[in-house]
Novice: 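Sharing a structure, written as structure tokens. Questions coming.
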Amino acid sequence: MNSSSFSSRPSRPRRSVLYVPGGNERAIAKARTLECDAVIFDLEDSVAPDAKVEARETIARLLREPLGHGRETVIRINALSTPWGAADLRAARDLAPDAILIPKVEDPADIADIDDALDRTDAPETLRLWAMIETPKGIMNAGQIARASRTPGGRLDCFVTGTNDIVKETGVAPLPGRPYLSTWLMEIVLAARAYGIEALDGVYNDFRDAEGFAAECAQGRAMGFDGKTLIHPGQIEAANRAFGIDPEKLAEARGIVEAFARAENARAGVISLDGRMVERLHADMAEKLIAKADALAARTSSV
Ligand SMILES: CC(C)(COP(=O)(O)OP(=O)(O)OC[C@H]1O[C@@H](n2cnc3c(N)ncnc32)[C@H](O)[C@@H]1OP(=O)(O)O)[C@@H](O)C(=O)NCCC(=O)NCCSC(=O)C[C@H](O)C(=O)O
Ligand SMILES: [Mg+2]
């Protein structure tokens, strides 16, 4: 398989991925009613050290039922190097979420350690790993981290950008338009694309600023991110719109696929369609878009 091919990436919609603090029972209950594509139940930075054990017990009690309606359930654990990491990993594994999110990944070994620990407990192969890229070393090593995911049985499926930690660790100014962050964000996208995994943009802290949020979503989409991580239910609709599918683009994609399917184009590498040059690589991209639209359509919206 061509590890850099667009079509090798999964087509699950991840337009809107909401963090929910693991200790907040009201927010956990509310998450079941929301139209986001995935929910990250957090045991790391949104939970104070003294509340970590209780938060773990809370999600173990409240997440026995999957979210349903095609939404992915993800649990962010504390790093294995912390006093809570190993017990978080066991608890998360027992809940059988779609993925476990590992914070502050800096090296392929950070993923391999978790993979090995999961293999020792016969965790299902379907359990995926997501990696937070949010430190200088994590950004610099993003390519190697993604590359290591291509090993047989590798579980890594998605990079999640941690802009708050990047700002903290680098001292970069978090200005509107993210001028000093953009290069690093695009390195994360590039590393993900090179090895066929997905990449999610970081959070927008000022959750009452709808205009600023919409602008940052549009920027993230233009950078190539698959979706945005969110901190508040009020951000879901705008993220779904920004990272959703434009009906005109979908119609165009269907036209490209149909054109290449015609008998007269069976051996063509390039065709002319509506006055534009269209290559087989465009057909690959079109198929990916159609698969994403189908996955969205298959999701029931009656949450
Ligand atoms: C940011 C908040 C603390 C704001 O909370 P609050 O003031 O309570 O908001 P509202 O009163 O507007 O809430 C209205 C209702 O919505 C529910 N709610 C709020 N947030 C969530 C949520 N995230 N998920 C589900 N439900 C939510 C409230 O309970 C209200 O419900 P109801 O009363 O029944 O109507 C709060 O939004 C919050 O805690 N957000 C998540 C914070 C978080 O998880 N942070 C950690 C992840 S961000 C990060 O670490 C990224 C990365 O690592 C990095 O480095 O960048
Ligand atoms: Mg962080």
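Numbering of ligands and ligand atoms starts at 1, following listing order. Every value quoted in this text rests on a predicted model; they were computed, and no experiment measured them.
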Novice: Where's the contact between Leu230 and ligand 1, heavy-atom distance under 4.0 Å: side chain, backbone, both or neither?
Specialist: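 No part of Leu230 is near ligand 1 at this cut-off.
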Novice: Tell me the protein heavy atom at minimum distance from atom 54 (C) of ligand 1, and give that distance in Å.
Specialist: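 Answer, as residue, atom name and distance: Gly162 CA, 3.4 Å.
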Novice: Strictly under 2.8 Å, is any N, O or S atom of Asp165 next to the Mg ion (ligand 2)?
Specialist: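 So Asp165 does bind the Mg ion (ligand 2) by this criterion.
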Novice: Look at atom 49 (C) of ligand 1 and find which of Arg208, Arg76, Met132, Glu134 reaches it with the closest heavy atom.
Specialist: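 Among Arg208, Arg76, Met132, Glu134, the closest heavy atom to atom 49 (C) of ligand 1 belongs to Arg76.
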Novice: Measure across Arg254 and Asp294 and return the closest heavy-atom pair with its distance rounded to 0.1 Å.
Specialist: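 Answer, listing the atom of Arg254 first, then Asp294: NH2-OD1, 4.4 Å.
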Novice: Quick one: does ligand 1 sit under 4.0 Å from the side chain of Asp165, the backbone, both or neither, non-hydrogen atoms only?
Specialist: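 The answer is both, backbone and side chain.
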Novice: Just need the protein heavy atom nearest to atom 34 (O) of ligand 1, so name the residue and atom and give the distance.
Specialist: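 Among all protein heavy atoms, the one nearest atom 34 (O) of ligand 1 is Arg26 NE, 3.0 Å.
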Novice: Ion pair present between Asp37 and Arg15, side-chain N to carboxylate O less than 4.0 angstrom?
Specialist: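 Judged by the 4.0 Å cut-off on N to carboxylate O distance, Asp37 and Arg15 do form a salt bridge.
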Novice: With atom 10 (P) of ligand 1 as the reference point, say which of His232, Lys30, Lys104 has the nearest heavy atom.
Specialist: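 Heavy atom nearest to atom 10 (P) of ligand 1 belongs to His232.
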Novice: Please determine whether Glu134 has a backbone or side-chain N, O or S atom lying under 2.8 Å from the Mg ion (ligand 2).
Specialist: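 A backbone or side-chain N, O or S atom of Glu134 is under 2.8 Å from the Mg ion (ligand 2).
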Novice: What protein heavy atom sits nearest atom 51 (C) of ligand 1, and how far off is it?
Specialist: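 Of every protein heavy atom, Tyr19 OH, 3.7 Å lies nearest to atom 51 (C) of ligand 1.
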Novice: Counting only heavy atoms not in Glu125, do more than 12 fall under 6.0 Å of its CD?
Specialist: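 Check fails, neighbour count at 12 or below.
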Novice: Check this for me, if you would: do Glu25 and Arg61 make a salt bridge, where the nitrogen-to-carboxylate-oxygen distance has to be below 4.0 angstrom?
Specialist: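 Answer for the salt bridge query: yes.
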Novice: Do Val39 and Ile102 share a hydrophobic cluster (ILVMFWY, side-chain heavy atoms under 4.5 Å, transitive)?
Specialist: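 The answer is yes; both residues are in one hydrophobic cluster.
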Novice: For ligand 1, find out whether one of its N or O atoms is nearer than 3.5 Å to an N or O atom of Asn164.
Specialist: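 Right, the criterion is met.
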Novice: Regarding atom 19 (C) of ligand 1: of the candidates Gly234, Pro233, Ala27, which has the closest heavy atom?
Specialist: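 Minimum heavy-atom distance to atom 19 (C) of ligand 1 goes to Pro233.
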Novice: How about atom 6 (P) of ligand 1: does it have a protein heavy atom within less than 4.0 Å?
Specialist: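 Under the 4.0 Å cut-off, atom 6 (P) of ligand 1 has no protein heavy-atom neighbours at all.
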Novice: Numbering the atoms of ligand 1 from 1, which are under 4.0 Å from a heavy atom of Val20?
Specialist: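 With Val20 as reference, the close atoms of ligand 1 come out as 24 (N).
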Novice: Within the protein, is there a heavy atom lying under 4.0 Å from atom 32 (P) of ligand 1?
Specialist: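 Within 4.0 Å: yes, protein heavy atom nearby.
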Novice: For Ser272 and Met277, indicate whether the former's side chain and the latter's backbone hold a donor-acceptor pair under 3.5 Å.
Specialist: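 It does not hold such a pair.
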Novice: Quick test of your reading of the model: are Glu72 and Arg128 salt-bridged, counting only N-O distances below 4.0 Å?
Specialist: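 Salt bridge between Glu72 and Arg128, a charged N being under 4.0 Å from a carboxylate O: no.
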Novice: Which protein non-hydrogen atom lies closest to atom 1 (C) of ligand 1, naming both residue and atom, and how far is it?
Specialist: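 The answer is Phe207 CE2, 3.5 Å.
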Novice: Should Asp201 and Arg178 count as an ion pair when the cut-off is N to O under 4.0 Å?
Specialist: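 So Asp201 pairs with Arg178 through a salt bridge.
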Novice: Give the atom numbers and elements of ligand 1 that come within less than 4.0 Å of a heavy atom of Asp42.
Specialist: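 By the 4.0 Å cutoff, the relevant atoms are 46 (C).
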Novice: Going by an N to O cut-off under 4.0 Å, is there a salt bridge joining Arg12 and Asp226?
Specialist: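 Asp226 and Arg12: not salt-bridged.
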Novice: Looking only at protein heavy atoms, identify the closest one to atom 38 (C) of ligand 1 and say how far it is in Å.
Specialist: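 Scanning the protein heavy atoms, the shortest distance from atom 38 (C) of ligand 1 goes to Ile231 O, 3.8 Å.
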Novice: Where the closest heavy atom to atom 42 (C) of ligand 1 is concerned, which of Pro103, Gly202, Pro21, Ala31 has it?
Specialist: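 Looking at heavy atoms only, the winner is Pro21.
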Novice: Could you check whether atom 3 (C) of ligand 1 has a protein contact, counting only heavy atoms that fall below 4.0 angstrom?
Specialist: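 Not a single protein heavy atom is under 4.0 Å away.
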Novice: Taking 4.0 angstrom as the limit and counting only heavy atoms of Ser46, give me the atoms of ligand 1 inside it, by number and element.
Specialist: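 In order of numbering, the contacting atoms are 43 (C), 44 (O), 45 (N), 46 (C).
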Novice: I'd like to know if Asp88 pairs up with Arg56 as an ion pair, taking the criterion as any Lys NZ or Arg NE/NH1/NH2 lying under 4.0 Å from an Asp or Glu carboxylate oxygen.
Specialist: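 So Asp88 pairs with Arg56 through a salt bridge.
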Novice: If the test is side chain to side chain contact (heavy atoms under 4.5 Å, CB included), which one of Thr170, Val167, Val172 qualifies with Tyr180?
Specialist: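 For Tyr180, the side chain to side chain contact (heavy atoms under 4.5 Å, CB included) test succeeds with only one of Thr170, Val167, Val172, which is Val172.
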Novice: Restricting to side chain to side chain contact (heavy atoms under 4.5 Å, CB included), what partner residues turn up for Glu187, sequence neighbours left out?
Specialist: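 Expected list: Ile139, Thr183, Trp184.
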